[in-house]
Amino acid sequence: MNAMQAGTGRAAMGRARCRIGSMLLILFAQIGLARADEPKVYRVGVVPQFDARTIVGIWNPILAQLTARTGLRFELVGSPNIPAFEKQVAQQSFDFAYMNPWHAIIAADSYVPLVRDILTPLQGIIVVNKNSPVTDLRGLEGKTMDFPAPNALAASLMTRAQLSQLGVTVKPRYVKTHGSVYLNVALGLADAGGGVLQTLAAQPPEVREQLRVIETKVAVASHPVVASSRVSKAVREQVRVALLALGESADGRALLARIPIDRVGQATPDDYLLLKHLGLEKFYVPN
């Protein structure tokens with residue numbers, strides 16, 4: 001091979017390498033575009049008032065409806081207990097969440113309220129066994145009292161604040177869910193328990209029939225469905241509109257009632273301003 005032929009061969013090889021390089025760049029660009037076009041999966045958290053199986057049964061059909069109405073994809077992310085949920089909220093592990101009003105207050109810089117129950121407010125209660133001699137809060141002095149978690153708003157924070165104001169001291173136990181509170185009191189394993197009217201109503205009749213409500217708290221705006229501030233306003237609005245639309249059909253209302261949300265409506269940060277004046281900060285337990 002002479003010098004001219006060698007030069008021609010090297011030039012051809014160079015052109016071939018350029019073509020291959022260009023093809024690879026195009027291929028990688030196409031792969032990148034395909035990945036960019038893949039729909040994002042939005043992570044949804046739910047404050048664990050109920051056991052995990054119940055929460056999955058309530059929320060997966062709702063998320064399926066949201067997907068059908070928005071084209072967005074959602075994944076339910078579990079929390080073993082309320083303190084774990086609070087840590088996930090603090091870390092902004094969720095794109096959307098259903099949380100108690102106090103969580104909405106302390107996470108106001110990170111999460112934006114979308115919708116809530118506008119018919120039935122959140123109302124804390126204290127229950128005792130139906131055969132208990134206790135008839136009022138002063139009768140709880142020295143008694144064992146179960147709560148779902150330290151920072152459960154109406155079931156724990158508001159109750160502990162009220163007992164403190166009265167000078168009543170109880171032996172608190174934190175048993176993870178509202179259902180566990182009610183069951184323990186029904187079985188006589190605790191003298192009293194803190195809960196809310198909505199979760200009491202969701203208990204099996206055989207549990208409810210063993211309980212007696214001795215105290216009902218001041219009503220506050222109910223749990224909101226919130227969106228992370230990192231989620232675009234357009235997507236937030238899509239989800240808000242879809243949830244509101246869900247409340248317009250009988251089937252949708254039946255799904256929402258299991259949360260429980262009796263009538264879905266728009267939520268705003270102003271709905272929860274009352275909580276800032278109840279002095280609950282000193283009873284809040286940071287995680």
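For the single chain, residues carry numbers from 1 onward in sequence order.
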For this session: To the nearest 0.5 Å, tell me how far Ile58 CD1 sits from Ile261 CD1.
Result: 10.5 Å
Exercise. Could you state the interatomic distance from CG (Asn151) to CH2 (Trp102), rounded to the nearest 0.5 Å?
Worked result: 9.0 Å
For this session: Assess Lys176 against Tyr174: is NZ or CZ under 6.0 Å from the centre of the six-membered ring, and within 45 degrees of the ring's axis?
Result: no
Exercise. How long is the gap from OG on Ser232 to CD on Gln238, to the nearest 0.5 Å?
Worked result: 7.5 Å
Exercise. Ion pair present between Arg173 and Asp146, side-chain N to carboxylate O less than 4.0 angstrom?
Worked result: yes
For this session: Report yes if the side chains of Val115 and Leu244 come closer than 4.5 Å at any heavy-atom pair, otherwise no.
Result: yes
Problem set entry | Worked check of side chain to side chain donor-acceptor pair (under 3.5 Å) between Asp95 and Ser228 | CA-CA 5 Å; Asp95 298 304; Ser228 168; 5.4 Å; no
Exercise. Say you draw a straight line from CG of Leu153 to CZ of Phe283; how long is it, rounded to the nearest 0.5 Å?
Worked result: 13.0 Å
Exercise. Given Gln198 and Thr120, is the side chain to side chain donor-acceptor pair (under 3.5 Å) satisfied, shown in steps?
Worked result: CA-CA 9 Å; Gln198 291 94 326; Thr120 307; 5.7 Å; no
Seminar exercise, completed: Only residue of Phe74, Tyr98, Phe50 satisfying ring-ring contact (aromatic ring centres under 6.0 Å, His included) with Trp59 is Tyr98
Exercise. Would Ile55 end up clustered with Val226 when hydrophobic side chains under 4.5 Å apart are linked, directly or stepwise?
Worked result: yes
Exercise. Do any N or O atoms from the side chain of Asn129 and from the backbone of Ala186 form a donor-acceptor pair under 3.5 angstrom?
Worked result: yes
Exercise. Between the main-chain N or O of Glu141 and the side-chain N or O of Thr169, is there a donor-acceptor pair closer than 3.5 Å?
Worked result: no
Exercise. Looking at side-chain heavy atoms only, is the closest gap between Gln162 and Glu215 below 4.5 Å?
Worked result: yes
Exercise. Would you say Val235 and Val77 are hydrophobically clustered, going by side-chain heavy atoms of ILVMFWY under 4.5 Å?
Worked result: yes
Problem set entry | Close side-chain approach of Val46 and Leu76, heavy atoms under 4.5 Å | yes
For this session: Please report the closest heavy-atom contact between Asn100 and His103, naming both atoms and the distance.
Result: OD1-N, 2.9 Å
Problem set entry | Nearest-0.5 Å distance, CD1 of residue Ile126 to CG of residue Leu140 | 6.0 Å
For this session: Mind listing the closest non-hydrogen atom pair of Ser222 and Arg116 along with its distance?
Result: OG-CB, 3.9 Å
For this session: Indicate, with yes or no, if Leu189 and Ile214 share a hydrophobic cluster defined by side-chain heavy-atom contacts under 4.5 Å among Ile, Leu, Val, Met, Phe, Trp and Tyr.
Result: no
Exercise. Looking only at heavy atoms, which two atoms of His223 and Gln49 are closest? And how far apart?
Worked result: NE2-NE2, 3.2 Å
Exercise. Any donor-acceptor pair under 3.5 Å linking the side chain of Arg208 with the backbone of Gln203?
Worked result: yes
Problem set entry | For the student: nearest non-hydrogen atoms of Pro148 and Gly194, plus distance | CD-O, 3.6 Å
Problem set entry | Smallest separation among heavy atoms of Val207 and Leu211, with atom names | O-CG, 3.5 Å
Exercise. Do side-chain atoms of Arg138 reach the backbone of Val168 as a donor and acceptor pair under 3.5 angstrom?
Worked result: no
Problem set entry | Side-chain donor or acceptor of Arg212 paired with backbone N/O of Ser132 under 3.5 Å | yes
For this session: Step through it carefully: locate the ring centre of Phe94, locate the ring centre of Phe85, and say whether they are under 6.0 Å apart.
Result: yes
Exercise. With distance as the sole test, does Asn60 use its side chain to make a donor-acceptor pair with the main-chain N or O of Gly57 at under 3.5 Å?
Worked result: no
For this session: For the residue pair Val213 and Leu200, establish whether any side-chain heavy-atom pair is separated by less than 4.5 Å.
Result: yes
Problem set entry | Derivation of the side chain to side chain contact (heavy atoms under 4.5 Å, CB included) call for Ile118 and Val264 | CA-CA 6 Å; Ile118 59 172; Val264 66; over 6 Å; no
For this session: Could you tell me whether a side-chain N or O of Arg43 sits under 3.5 Å from a main-chain N or O of Glu75, the two making a donor and an acceptor?
Result: no
For this session: Report yes or no: do Val44 and Leu114 belong to one cluster of Ile/Leu/Val/Met/Phe/Trp/Tyr joined by side chain heavy-atom distances under 4.5 Å?
Result: yes
For this session: Count the heavy atoms belonging to other residues, nucleotides or ligands that lie under 6.0 Å from CZ of Arg53, then report whether that count exceeds 12.
Result: no
For this session: Say whether, by atom type as modelled, one donor and one acceptor occur between the side chain of Thr70 and the main chain of Leu72 under 3.5 angstrom.
Result: yes
Exercise. Considering all heavy atoms of both residues, which atom of Ala227 and which atom of Arg236 are nearest to each other, and what is their separation?
Worked result: CB-CG, 3.5 Å
Exercise. Is Leu66 close to Leu243 at the side-chain level, that is, under 4.5 Å between some pair of heavy atoms?
Worked result: yes
Exercise. Does the side chain of Pro172 reach to within under 4.5 Å of the side chain of Arg160, using non-hydrogen atoms?
Worked result: no
Exercise. Does some side-chain heavy atom of Met158 sit less than 4.5 Å from a side-chain heavy atom of Val218?
Worked result: yes
For this session: May I ask you to check whether Ser180 and Thr177 show a side-chain donor-acceptor distance below 3.5 Å?
Result: yes
Exercise. Hey, does the side chain of Thr144 reach the backbone of Ala190 with a donor-acceptor pair shorter than 3.5 angstrom?
Worked result: no
Exercise. Can you find a heavy atom in the side chain of Gln92 that is under 4.5 Å from one in the side chain of Tyr111?
Worked result: yes
Exercise. Is there a path from Leu280 to Ile125 through hydrophobic residues (I, L, V, M, F, W, Y) whose side chains come within less than 4.5 Å of each other?
Worked result: no
Seminar exercise, completed: In this structure, NE2 of His178 is separated from OG1 of Thr199 (nearest 0.5 Å) by 5.0 Å
